[in-house]
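Here's the structure we're looking at; comments come further down.
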Amino acid sequence: MAGNLKARLERIRSQGGGALKPLENLGPVQGSDRVPSGTAVSFPPPWLVLDPLVLFRRELIPLKDENRGTWNWDSPVSVPPDFLEILFRTGRSYTEGLCPEDLLFFDLETTGLSGGAGTVAFLAAFGEIRDSCLEVRQYLLLDYPGEPVLISCIEQELNKKPGAVLVSYNGKAFDTQILRSRFILQGKFLPDKDHIDLLSISRLLWRGLLPSCSLSSLELLILQKERQGDIPGALAPQIWFSFLREGPQGEALKDLLALCEHNLLDIKGLAALFSLILSIGANPLGALADTTFNLDRLALAWPESQLRRGLLLEAGQRGSARALYELARLARLEGDWERYRQYLEEVLESPQPKVTGVRLRASIALASYYEWKKRDLERAEGYTRRAQGLLEALGAEGVAEGAKGPPPSINMKLEKRLERILSKSRL
Amino acid sequence: MNNDQAQGKAQAKALDELLANPAFADHIVLEKRLPALPPSTVPIPEDVDPRLTQALQGRGIETLYTHQAEVWDHVRSGRHTVVVTPTASGKTLCYNLPTLQALLEDEHARALYLFPTKALSQDQQAELNELVHGPTGMLPIKVFTYDGDTPESLRIAARDTGRIIVSNPDMLHSGILPNHPKWISFFSRLKYIVIDEAHAYRGVFGSHVANVLRRLFRIAAFYGSHPVVILCSATIGNPKELAESLIGRPVELVDKNGAPRGEKRVVLYNPPLVDAVQGIRRSVVTESRRWTVALLKAGIKTILFAHSRLKTEVAASYIREDLANVYTDNYHIRVEPYRGGLLPNERREIEKGLRDGTIQGVVSTNALELGIDIGGLDAAVVAGFPGSFNSFWQQIGRAGRRGGTSLAVFIASSSPLDQYIIKHPDWFFRSSAEEARLDPDNPYVLTDHVKCAAFELPFTDSEVHSGEDPFGPGVQDVLEYLQEDGILRSVSGRWYWADRSYPAESISLRSATSDNVAIIDTTQGRNVVIGEMDRPSAKELIFDNGVYIHRGRQYVVKKLDIENRKCLVEEADVNYYTDALVKTDIKVLSEDERREIRGNWCRLVLGDVLVRSQVAKFKKIRFHTHENIGYGTVELPEEELQTRSLALLFESDTVSGTALQGRDEQEIGRILSGIGSLLKRIAPIFVLCDPRDIGISERVRDPHFMVPALYIYDHYPGGTGLAEALAEKIPELVRTVAETVEGCPCESGCPSCVGPDGDKGAVRDFLKLARGYGGQS
């Protein structure tokens with residue numbers, strides 16, 4: 001290696017060269033070789049020192065006022081197994097139900113957003129239901145060398161109850177990946193646990209009704225809880241790095257403590273959201289009185305049953321094109337052609353926005369129905385032309401949104417259909 | 001006589017006729033027949049698993065070539081090995097055999113295959129699959145390609161169950177290594193790493209890849225693996241050195257090739273002088289087009305290597321014009337241009353057409369030099385020296401199917417280098433060629449990879465100081481530097497990554513600083529990306545009002561938006577192309593080493609410099625006649641570059657300094673610039689590099705050294721070892737330059753020596769004294 005590497009690097013920096021730009025507003029660098037003693041004690045109670053570099057805090061939050069709808073933390077689950085199937089998304093059936101004590105809410109704060117080996121979890125929070133309270137336990141890492149202790153603590157949390165069910169928000173794609181990597185780097189394997197990730201069910205229930213399905217959006221708009229003076233989670237990495245550099249004093253400590261509060265509130269919000277979702281699952285039609293959600297998407301995801309039909313009918317009555325289309329499909333399976341036609345026509349009349357695709361399918365179905373079942377060529381032609389118009393509109397919508405648009409084969413098929421109908425008319 | 005043989009005979013006859021045709025024959029400088037060579041074989045070793053032996057027999061392989069057996073021995077004994085092979089010598093079996101054997105012996109063992117490009121890896125994977133899914137049943141070995149195109153659904157299967165992972169350095173760098181915990185099963189059982197086309201890993205790219213490999217070894221060691229590396233390289237002057245620089249460990253060399261070779265006719269052709277006084281020859285573009293059209297019309301499938309993107313497009317246009325004939329559908333001959341900058345699907349289309357015979361001719365840059373399978377062509381025409389003899393042999397290796405005779409034609413351009421070697425044709429047949437060069441410790445490159453490495457696994461003081469860490473003890477400087485920048489944190493004897501970003505994301509392996517400009521066709525409101533180019537090249541090639549040619553179509557640049565990395569172009573139909581004039585300014589940053597050279601011709605100083613270059617004007621050059629029909633101006637910000645340079649100082653007490661005494665400033669300027677441009681164009685035969693890698697700048701009175709000086713610098717930030725390598729070769733280089741000028745038939749300067757505006761007399765005079773030097777020991 002060139003002996004003057006240091007000099008060359010200095011020159012590169014002073015010329016402002018390339019990607020080697022120093023960070024802005026850096027505070028003085030905190031000592032390098034040993035972590036100064038006394039760091040841990042600068043934290044106010046109830047923080048406890050588990051290890052010079054790992055702190056622990058336990059908070060109890062009463063849940064009475066967190067209940068929404070009909071869900072009651074006291075009783076064991078009265079949520080239909082069908083709904084649990086949707087929640088778990090593993091295709092298993094859950095006839096035993098779900099006990100509140102089995103739930104383990106969790107959330108991490110990390111040093112970055114990538115799942116790579118360099119992203120470290122420095123704050124881990126776990127929530128458990130205990131006697132109508134939510135007990136939150138937090139573990140805070142004060143510097144890198146403490147990670148083995150942190151990982152052991154997390155491992156203990158996960159192994160406490162063999163039947164525990166993890167509940168997280170985006171945890172399947174992110175948090176568990178991070179933990180899996182951190183465990184491997186400590187020579188361990190992440191215990192395998194059942195896991196409910198509320199992101200997917202939230203998307204199902206609230207997509208299109210809210211600008212975003214982030215936990216904070218849901219908290220604000222659906223749970224209607226505003227956090228006062230909360231620190232945004234996106235600042236987590238720089239808060240921890242500043243703390244490392246500057247030590248437990250001034251702004252750095254203040255911000256880190258505020259972040260721990262934010263993390264605590266995230267667990268609280270997670271539990272509250274879960275409670276709401278369970279209440280929707282327990283009684284979807286009842287829940288409509290208190291809260292808005294996509295009844296039609298829920299119905300479509302529901303396993304086939306009497307309840308599902310009921311949900312579809314309600315959604316149909318409220319004008320959902322998707323629900324009506326599905327009802328039409330079911331009617332046809334039952335051989336009820338009159339109902340089939342009625343539902344399809346309702347789809348076309350539905351005032352719901354952004355369902356051009358569904359309307360297109362309905363129009364094509366009606367064209368076919370009138371051509372073959374009723375031999376009413378005039379109506380068949382009408383619906384075929386209508387379908388062509390809808391196809392164009394769909395294409396335009398797609399282009400406007402930057403999407404690819406429908407495949408060209410639909411256009412060709414419609415043209416063929418039209419030709420065929422017209423030639424039959426002429427006979 | 002079967003069909004193939006009949007065809008072969010007909011082609012041989014057509015070839016003979018072509019070569020006897022006075023339109024070509026009169027200017028053939030040399031024709032050499034390289035006779036067919038029989039194979040050198042040994043039986044398949046006894047310890048090869050019978051399933052594998054069966055699979056080989058299923059593909060018609062009953063014996064091994066000697067070099068394949070040699071590699072087997074070395075690798076089985078745990079020694080890293082590099083095997084040097086020309087095309088079509090069974091090199092894949094060199095690595096497939098020991099690897100598959102190891103995977104059959106140990107059901108958990110894994111292997112990693114690395115290729116420089118996705119296309120190559122997909123190609124070679126097909127070969128591997130044929131062995132694994134042999135006619136006699138499948139070997140229990142799952143092979144997965146893992147690159148940017150691999151769908152998410154396959155990635156998990158690949159990581160967990162893939163026994164052989166086929167990938168490329170870019171994917172290793174940004175996808176695999178930073179996510180190594182996901183690859184725990186793979187890394188903890190990694191036995192072999194195969195690095196194919198190792199000669200591609202030189203210069204900047206090589207410097208990056210050497211560092212990616214350092215990271216790979218760190219990670220493998222973390223999981224307890226110590227894989228053996230098998231490298232394959234084309235013929236270069238220093239394969240062992242290259243391999244050892246690349247992997248940082250000692251490597252065994254296998255370079256005696258045991259494979260058979262078909263007969264090859266090599267023709268060296270020098271276009272005739274059109275103006276002896278001015279030294280002007282018929283253009284290489286015109287001549288190569290004549291040859292190619294003649295070959296194609298004779299039914300001989302031909303590849304024409306035209307070397308620059310511009311020349312490739314221009315040549316393809318000319319050839320199509322010549323073949324244009326509505327009645328015969330262009331003689332049923334289809335010719336396509338091929339180069340980087342084409343979109344991937346366009347390239348795939350052409351490769352396929354060549355393989356299945358629907359495309360008979362292709363005009364290519366060096367892009368088709370590497371091993372992508374395009375079937376066999378019958379003739380290769382190389383228009384102008386491709387920059388290295390290594391490239392030359394790779395290119396002509398494209399022609400020749402098993403058992404037939406193939407033709408290779410080299411057409412010299414008027415450049416001094418070409419004229420020099422066509423007059424000394426023995427250069428072509430020398431056994432050892434140029435040396436490859438890379439510098440893994442280029443500070444820019446090294447620092448980038450130290451960041452990635454720290455992200456992957458913290459550095460430990462004890463491992464750094466003991467030399468255990470593949471980055472070596474010198475990495476301490478970089479770690480401290482990065483800590484000062486707040487990106488790393490050192491605590492309790494370890495260095496941790498302390499930033500929220502993902503370092504590998506912003507680092508491209510293919511340039512010292514990343515940044516491509518997208519070229520967008522905006523004709524009639526369109527908005528289609530038709531190509532891309534790196535930023536520094538963009539400033540010199542696709543400036544406002546410049547002409548850009550893509551797949552034979554012309555575009556004029558409407559706006560080059562460097563900041564947003566976009567270049568908007570519109571279709572055009574003009575009769576010229578454009579060529580930029582670049583001005584450079586040099587500031588010396590350090591003097592690291594001063595050297596005397598034999599005979600004291602001049603002094604050398606190696607050090608860092610800051611180069612500022614600016615494109616201010618461009619020439620418009622008419623197609624076909626190559627006249628200069630005008631100029632245009634360009635307004636682009638300066639390009640700044642910090643790099644390594646070699647300064648030639650013509651101090652008054654040196655031979656050259658003395659030779660410059662008494663001349664006026666203008667004459668000195670002409671001499672220096674003449675020598676500079678000659679040095680730049682001839683250097684490639686001594687040191688493996690692209691012509692664009694060398695920058696030259698002359699100073700009649702250098703403000704720093706206060707004497708006449710000539711700077712030779714590396715075009716890549718931080719340098720790639722080029723300046724250092726040239727320092728070793730200055731005496732030979734100068735002697736070669738002198739011989740070129742002396743031996744040139746022109747009167748006062750021509751494109752083949754100092755240039756038509758050059759001062760041949762003065763340069764010749766100046767170099768008289770230099771001619772004795774360099775060759776003497």
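Everything numeric in this text was worked out from a predicted model, so none of it was measured. Reminder, nothing fancy here: chain letters follow the sequence lines and each chain counts from 1.
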With salt bridge (charged side-chain N to carboxylate O under 4.0 Å, His left out) as the test, pick out the partner of B/R644 among B/D714, B/D592, B/D441. B/D592
Pairs of heavy atoms under 4.5 Å with chain B: top-ranked of A/G115, A/G116, A/G112: A/G116
Which is it for A/Y144 and A/W240 under the ring-ring contact (aromatic ring centres under 6.0 Å, His included) test, yes or no, and what are the steps along the way? CA-CA 11 Å; A/Y144 294 99; A/W240 196 62; 5.4 Å; yes
Please look at [X] and chain A and tell me whether the side chain, the backbone, both or neither of the residue comes under 4.5 angstrom of a heavy atom of that chain.
X      : value
B/D439 : neither
B/L457 : side chain
B/E480 : side chain

Measuring heavy-atom distances to chain B, does A/T110 have an atom under 4.5 Å in its side chain, in its backbone, in both, or in neither?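 For A/T110, neither part sits under 4.5 Å from chain B.
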Counting only heavy atoms closer than 4.5 Å, note whether A/F122 contacts chain B via side chain, backbone, both or neither. neither
Minimum heavy-atom distance B/L438-B/G206, with the two atoms named: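 Where B/L438 meets B/G206 most closely, the heavy atoms are CD1-O, 3.9 Å.
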Lys/Arg N to Asp/Glu carboxylate O, B/R218 vs B/E456, below 4.0 Å: no
Indicate yes or no: does B/D469 engage B/R494 in a salt bridge with an N to O separation below 4.0 Å.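 No, no charged N to carboxylate O under 4.0 Å.
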Chain B-proximal positions within residues 179-186 of chain A [heavy-atom distance under 4.5 Å]: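 If one takes a 4.5 Å heavy-atom cut-off, the residues of residues 179-186 of chain A near chain B are A/S181, A/I184, A/L185.
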Please walk me through it: do A/C153 and A/F56 pass side chain to side chain contact (heavy atoms under 4.5 Å, CB included)? CA-CA 10 Å; A/C153 293; A/F56 172 75; over 6 Å; no
Determine whether a donor-acceptor pair (N or O, by modelled atom type, separation under 3.5 Å) exists between the side chain of B/R500 and the backbone of A/F241. no
Side chain to side chain contact (heavy atoms under 4.5 Å, CB included) between B/Y223 and B/I184, worked out: CA-CA 7 Å; B/Y223 291 103; B/I184 178 174; 3.6 Å; yes
Please say whether more than 12 non-hydrogen atoms of neighbouring residues, nucleotides or ligands are located less than 6.0 Å from CD in A/E392. no
